[in-house]
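So the structure is just underneath, and the comments pick up after that.
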Amino acid sequence: MSDKDKMSRDDFEDMEDMEFIDFNDEVEDKKSDEDDEYEKESEYEDVCFICRRPESKAGRMFKLPNHISVCSDCMHKTMDTVSQFDYQGMLNNMPDFGSEKNAKGHFPNISFVNIADLQGDGGIPNRQKLKKKKSKEKTEEPAFNIKDLPAPHRIKAQLDDFVVGQDYAKKVISVAVYNHYKRVATGTMDDIEIEKSNILLLGPTGCGKTYLVKTLAKLLDVPLAIADATSLTEAGYIGDDIESVVSKLLAAADNDVERAERGIVFIDEIDKIAKKKNTNSRDVSGESVQQGMLKLLEGADVEVPVGANSKNAMVPLTTVNTRNILFICGGAFPDLEEIIKQRLTKQTSIGFNAELKDAFDKEKNLLKKVTIEDIKKFGMIPEFVGRLPIICPMDSLDKESYIKILKEPKNAILKQYQKLLELDEVRLKFDDSALEAIADKAMERDTGARALRAIIEEFMLDIMYEIPKDDNIGEVTITGDYINGTGGPVIEIRTERIKEISEKTE
């Protein structure tokens with residue numbers, strides 16, 4: 001060893017006085033800064049571009065250009081695939097760059113993928129991402145507090161402002177919702193687990209089933225998903241999967257799983273998935289859907305696609321527990337009244353205590369006498385009906401109900417048209433004879449409250465068209481003769497407008 005390579009004792013002493021930099025501390029500081037920036041970057045979880053798993057399942061993501069994130073598993077698989085690439089074989093088969101054919105120096109038949117072409121500028125949209133769970137330190141209060149939950153009579157009083165009639169249905173739903181969210185807020189009471197009480201609404205078309213649930217969810221400020229049972233099919237067939245019902249609730253909760261697990265799901269047209277009678281083909285949209293919804297109604301962990309209706313779509317999946325989700329099913333059940341009549345008149349028609357076959361033909365609210373046996377005979381399987389313990393029949397609408405619907409609710413149909421004409425500085429009035437005529441026409445159509453808007457649209461068309469033409473019109477009164485087509489509306493001219501015109505002429 002030469003003298004130059006030797007170090008003197010003085011050199012070691014000088015090194016002892018030097019301050020060495022701990023690179024591990026720098027790396028940790030850098031990671032902490034990156035973590036802070038990463039948390040502040042977005043309130044949504046990152047989704048792997050390859051396997052579509054969210055960050056909560058796949059772990060921390062690798063960031064690539066153009067807002068692309070890849071999980072560690074997919075990144076390692078990709079690197080393993082690249083490491084197995086035969087570079088030596090490619091080098092042996094390299095072309096002669098000196099030749100005229102490959103004078104530009106390009107590899108023949110080799111094309112490289114541009115990552116920027118795979119994704120748009122915005123990356124995966126937020127509707128297909130899950131919201132990050134908030135830390136326990138940041139959460140101030142639970143979403144539902146049992147002290148702040150309104151009592152059943154207050155819930156019904158609020159429903160009375162928007163929904164006319166249906167006192168029994170409003171009372172049943174108010175009590176069921178109150179008990180359900182008490183159960184959600186408390187969890188268990190003295191180690192006794194309270195079971196969930198789902199609701200089955202029965203009523204003719206247009207009696208207010210969907211409107212009642214919409215109003216309830218708006219008053220409680222909880223996420224609501226309204227699904228249609230007619231589009232649901234068994235898994236593997238064309239149509240929406242059964243899990244798409246919960247996927248709509250997750251979208252209504254802005255992809256927040258914790259908030260979605262306390263929401264309400266209303267499945268409309270539930271009578272359309274009844275068992276098909278006298279058929280030998282596979283019932284993929286009837287009994288099979290009922291069987292698939294059993295665990296959904298009772299409470300289970302369901303794999304739900306985020307932002308899509310099918311699991312086959314290239315979207316991330318998340319797990320939602322349906323234990324605290326209140327399911328409300330509604331249907332018209334059009335032939336159920338005939339089944340009830342058969343059960344009530346099944347006694348012999350001979351003798352003193354005989355029941356006539358037409359004894360219940362004029363019964364208006366025959367659905368109130370419904371039993372579970374009638375629903376099972378309609379085509380609903382016993383396991384499905386057993387998971388809907390609260391059966392709530394709704395009243396059919398009569399003439400008085402139609403008149404109340406026209407004028408009493410806060411957002412009544414007549415008030416909507418009066419507001420529209422107020423924008424043109426015109427007052428709109430309806431006589432009592434006009435309200436009775438509209439109610440009579442609605443009862444003839446037999447389509448429920450939906451017929452009211454259709455009738456009003458017909459006779460209001462000419463009025464809404466002609467009034468903006470003349471600025472002198474100040475008030476329009478709709479009469480019963482105008483509804484029946486035997487007269488016209490009463491139009492009053494503005495007196496102030498006439499005075500202004502007379503002053504100008506003088």
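Heavy atoms only: backbone and side chains are in, while hydrogens, waters and symmetry mates are out.
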Problem set entry | Within-4.5 Å side-chain heavy-atom neighbours: V370 and F378 |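 Contact flag for V370/F378 side chains = no.
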Exercise. Given the rule in the side-chain contact (heavy atoms from CB on, under 4.5 Å) test, do V222 and R259 qualify, once you have shown the distances and angles that lead to the verdict?
Worked result: CA-CA 8 Å; V222 295; R259 190 164 180 259; over 6 Å; no
Other residues, nucleotides, ligands: >12 heavy atoms within 6.0 Å of [X] [atom1]:
X	atom1	answer
I238	CD1	no
K415	NZ	yes
R427	CZ	no
E400	CD	no
I372	CD1	no
K214	NZ	no

For this session: In plain terms, say whether K441 and E444 are close enough for a salt bridge, that is, a side-chain N and a carboxylate O under 4.0 Å apart.
Result: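 No.
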For this session: Answer yes or no: is there an ion pair linking D160 with K156, defined by an N-O contact shorter than 4.0 Å?
Result: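 A salt bridge links D160 with K156.
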Exercise. Can you tell me if Y181 uses its side chain to pair, donor with acceptor, with the backbone of R262 under 3.5 Å?
Worked result: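 Yes, the answer is positive, given that a donor and an acceptor are paired below the 3.5 Å cut-off.
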Exercise. Do any N or O atoms from the side chain of N198 and from the backbone of R387 form a donor-acceptor pair under 3.5 angstrom?
Worked result: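 Judged by distance alone, yes, a pair lies under 3.5 Å.
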Problem set entry | Residues S401 and D398: side-chain donor-acceptor under 3.5 angstrom |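 Judged by distance alone, the side chains do pair up.
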Exercise. Do D481 and T479 meet the criterion of a side-chain donor-acceptor pair at a distance under 3.5 Å?
Worked result: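 D481 vs T479: no donor-acceptor pair found between side chains.
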Exercise. Roughly how far, to the nearest 0.5 Å, is CD of E436 from CG of L406?
Worked result: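 If we round to the nearest 0.5 Å, L406:CG and E436:CD are 11.5 Å apart.
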Problem set entry | Point-to-point distance, once rounded to the nearest 0.5 Å, from CG of D240 to OG1 of T233 |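 It comes to 7.0 Å.
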For this session: Among V172, L367, L212, find the residue that satisfies the side chain to side chain contact (heavy atoms under 4.5 Å, CB included) test when tested with M394.
Result: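 Only match with M394 under side chain to side chain contact (heavy atoms under 4.5 Å, CB included): L212.
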For this session: Check K196, H180, R183, E261 against N324 for a side-chain hydrogen bond (donor to acceptor under 3.5 Å, both in side chains) and give me the one that passes.
Result: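 Of the listed residues K196, H180, R183, E261, the side-chain hydrogen bond (donor to acceptor under 3.5 Å, both in side chains) partner of N324 is R183.
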For this session: Check the pair Y211, T215 against side-chain contact (heavy atoms from CB on, under 4.5 Å), reporting the backbone distance first and the verdict last.
Result: CA-CA 6 Å; Y211 185 69; T215 307; 3.9 Å; yes
